[in-house]
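Note that the numbering runs from 1 along the sequence shown for the chain.
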Amino acid sequence: MSDIKLFHLQSGSATELQGDASDLERPLQSLIEANLETLLGIRFLATEYSTGKTHAGRIDSLGLDENDCPVILEYKRSVGENVINQGLFYLDWLMDHQAEFKLLAMDKLGKPAADRIDWSAPRLVCIAADFTKYDGHAVQQINRNIELIRYRRFGDELLLLELANATSANSGHGGAIKNAKPPKAKVAAAKSATGDRAFADWLPLLPPHLTDLLASLEDYLVSLGDDVQRKELKLYLAFKRLKNFATVVAQRNRLLLYLHLNPELLTPLPVIARDVSQQGHWGTGDLELSLTAQADLETAKPLILMSYNGRGTAV
């Protein structure tokens with residue numbers, strides 16, 4: 001059970017707000033779907049999506065996340081419902097029906113979004129009032145991108161989402177893997193499909209000081225909290241809680257760190273930073289920092305912490 005408590009403070013006194021952890025009903029699913037991008041950084045594609053006569057299933061929600069990865073969302077409506085196994089079944093269906101998913105994304109979001117779909121890290125997100133210790137253990141044994149998100153409602157105006165457990169197919173139990181590389185064929189496919197060098201392909205080309213800098217940067221990012229997830233995508237590294245807060249792009253002579261901060265709130269910007277809110281780039285975030293030495297990382301750390309805490313994102 002979650003030990004998070006919410007209090008209302010007024011005139012020096014605290015009153016605990018009682019959270020509703022009843023079974024997730026359809027109106028709450030509709031509310032989450034209508035606000036998926038705000039809540040989880042996921043663009044909504046479909047609800048109650050039929051997987052056809054052969055699979056005879058119905059996916060609760062389908063989406064495309066901020067890293068252009070497909071997302072299946074399943075809602076646990078009762079204690080006895082096994083949404084993890086059900087979601088894994090749908091993940092296998094998804095990988096066998098990539099063309100169908102691409103057509104759906106094209107219809108809802110347009111051809112550019114459909115062309116950017118990254119099939120290297122499809123996700124399963126399970127949302128429930130609570131999960132058992134067995135759910136958490138099962139997720140850690142499965143080499144897939146699975147997140148368990150617990151919710152609480154406080155009256156009609158407050159919704160709490162808490163990351164209960166997560167695992168990644170490319171970073172084990174959530175720790176940073178410095179030398180993880182996909183097979184050569186996978187790297188070549190990523191490069192040919194995008195015209196850009198894959199992130200994993202950059203790693204052996206980095207000079208020693210940048211390799212050390214990348215290791216220090218990853219160590220700092222994952223040390224910020226147990227809820228930090230490391231996701232290695234085709235062209236960049238993403239570090240997220242419920243949503244991305246930092247992404248890293250490797251180049252021959254520097255690392256580019258993108259943070260989810262509003263540059264207009266940070267004037268004057270450090271000399272290593274620039275506003276890229278109006279420029280296209282790999283990764284996500286409007287503030288770019290160019291890192292070439294350990295001193296640059298020290299300059300970046302306060303800004304990284306702001307992004308992790310969700311501060312400095314709105315005018």
Side-chain angles (χ1 to χ4, degrees), residues 24 26-49 59-75 87 90-91 94 101-128 145-153 156-164 166 227-229 231 233 235-236 238-247 258-265 276-287 306-315:
L24 193 151
R26 177 68 198 189
L28 182 54
Q29 177 181 336
S30 298
L31 176 66
I32 292 173
E33 288 174 341
N35 296 277
L36 262 183
E37 193 156 9
T38 299
L39 296 173
L40 298 171
I42 297 170
R43 289 160 287 175
F44 173 74
L45 293 179
T47 185
E48 302 298 330
Y49 190 82
I59 298 172
D60 287 343
S61 306
L62 271 176
L64 194 64
D65 73 11
E66 57 198 321
N67 298 315
D68 299 311
C69 296
V71 185
I72 288 173
L73 296 102
E74 289 293 310
Y75 308 92
Y90 291 145
L91 268 181
L94 180 66
F101 182 87
K102 183 174 181 178
L103 284 174
L104 175 65
M106 188 182 303
D107 179 58
K108 298 293 184 179
L109 303 175
K111 188 176 185 300
D115 289 341
R116 291 195 304 269
I117 294 174
D118 184 347
W119 288 101
S120 67
R123 296 166 55 196
L124 169 62
V125 176
C126 301
I127 301 177
N145 297 301
I146 306 174
E147 295 148 58
L148 306 183
I149 295 178
R150 184 185 291 119
Y151 79 89
R152 289 287 187 278
R153 293 198 71 171
D156 294 328
E157 297 184 351
L158 297 175
L159 174 66
L160 172 70
L161 296 180
E162 176 192 9
L163 184 64
D227 58 346
V228 175
Q229 301 174 67
K231 301 286 185 182
L233 301 158
L235 297 170
Y236 59 90
F239 294 85
K240 55 177 294 202
R241 302 175 78 182
L242 291 178
K243 299 192 289 187
N244 286 0
F245 68 90
T247 54
Y258 295 97
L259 300 177
H260 283 240
L261 296 173
N262 187 338
E264 294 181 16
L265 301 179
V276 292
S277 57
Q278 303 301 317
Q279 300 181 33
H281 59 84
W282 297 123
T284 64
D286 290 340
L287 183 68
M306 286 178 63
S307 186
Y308 170 79
N309 288 322
R311 298 172 183 164
T313 58
V315 177

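Residue Leu287 holds its CG atom at 11.0 Å from NE2 of His260, rounded to the nearest 0.5 Å. Considering CG of Asn262 and OG of Ser307, their distance stands at 11.5 Å, rounded to 0.5 Å. In this structure, CG on Leu45 lies 12.5 Å from CE on Met106, to the nearest 0.5 angstrom. In this structure, CD1 on Ile72 lies 7.0 Å from CD on Glu74, to the nearest 0.5 angstrom. A distance of 11.0 Å separates OG in Ser30 from CG in Asn35, rounded to the nearest 0.5 Å. Atom CG of Leu73 is separated from atom CD of Gln29 by 9.0 Å, given to the nearest 0.5 angstrom.
Counting heavy atoms of neighbouring residues, nucleotides and ligands inside a 6.0 Å radius, atom NZ of Lys108 does not exceed 12 of them.
The shortest heavy-atom contact between Leu94 and Pro122 is CD2-CB, 4.4 Å. The two residues Lys231 and Asn145 have their closest heavy-atom pair at NZ-OD1, 3.3 Å. Looking at every heavy atom in both residues, Ile42 comes nearest to Gly63 through CG2-CA, 3.8 Å. Here the shortest heavy-atom pairing between Leu109 and Ala113 reads CB-CB, 3.7 Å.
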(Q) As a quick check of understanding, evaluate side chain to side chain contact (heavy atoms under 4.5 Å, CB included) for Leu242 and Leu163, giving each step before the final call. (A) CA-CA 7 Å; Leu242 291 178; Leu163 184 64; 4.1 Å; yes
(Q) Between Tyr75 and Ile32, does the side chain to side chain contact (heavy atoms under 4.5 Å, CB included) criterion hold? Intermediate values first, please. (A) CA-CA 10 Å; Tyr75 308 92; Ile32 292 173; 4.0 Å; yes
Q: Start with the C-alpha distance between Asn244 and Thr247, add both sets of side-chain angles, then the distance that settles side chain to side chain contact (heavy atoms under 4.5 Å, CB included), and finish with yes or no.
A: CA-CA 7 Å; Asn244 286 0; Thr247 54; 3.7 Å; yes
Q: Take Asp60 and Tyr90, measure what side chain to side chain donor-acceptor pair (under 3.5 Å) needs, and give me the verdict at the end.
A: CA-CA 10 Å; Asp60 287 343; Tyr90 291 145; over 6 Å; no
Q: Please report the C-alpha distance between Asn67 and Asp118 in whole Å, then the side-chain angles of each, then the deciding distance to 0.1 Å, and finally whether the side chain to side chain donor-acceptor pair (under 3.5 Å) criterion is met.
A: CA-CA 8 Å; Asn67 298 315; Asp118 184 347; over 6 Å; no
Q: Give the C-alpha distance, both sets of side-chain angles, the deciding distance and a yes or no for side chain to side chain contact (heavy atoms under 4.5 Å, CB included) between Leu233 and Leu235.
A: CA-CA 6 Å; Leu233 301 158; Leu235 297 170; over 6 Å; no
**Q.** Verdict with reasoning, Thr284 to Tyr236, per side chain to side chain donor-acceptor pair (under 3.5 Å)
**A.** CA-CA 10 Å; Thr284 64; Tyr236 59 90; 5.7 Å; no
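The closest donor-acceptor contact from the side chain of Ser277 to the backbone of Asp286 lies at 3.5 Å or more, if one exists at all. Checked by atom type and distance alone, the side chain of Lys243 never pairs as donor or acceptor with a backbone atom of Glu66 at under 3.5 Å.
Using a 4.0 Å cut-off between charged side-chain N and carboxylate O, Lys102 and Asp115 make a salt bridge. Contact check on Arg43 versus Glu37 returns no salt bridge, with no Lys/Arg side-chain nitrogen under 4.0 Å from an Asp/Glu carboxylate oxygen. A salt bridge links Arg123 with Glu147: at least one charged nitrogen is closer than 4.0 Å to a carboxylate oxygen.
The aromatic rings of Tyr258 and His281 sit parallel to each other, their planes meeting at less than 30°, with 60° as the upper class boundary.
The one candidate from Leu39, Leu160, Leu161 that meets the side-chain contact (heavy atoms from CB on, under 4.5 Å) condition with Tyr151 is Leu161.
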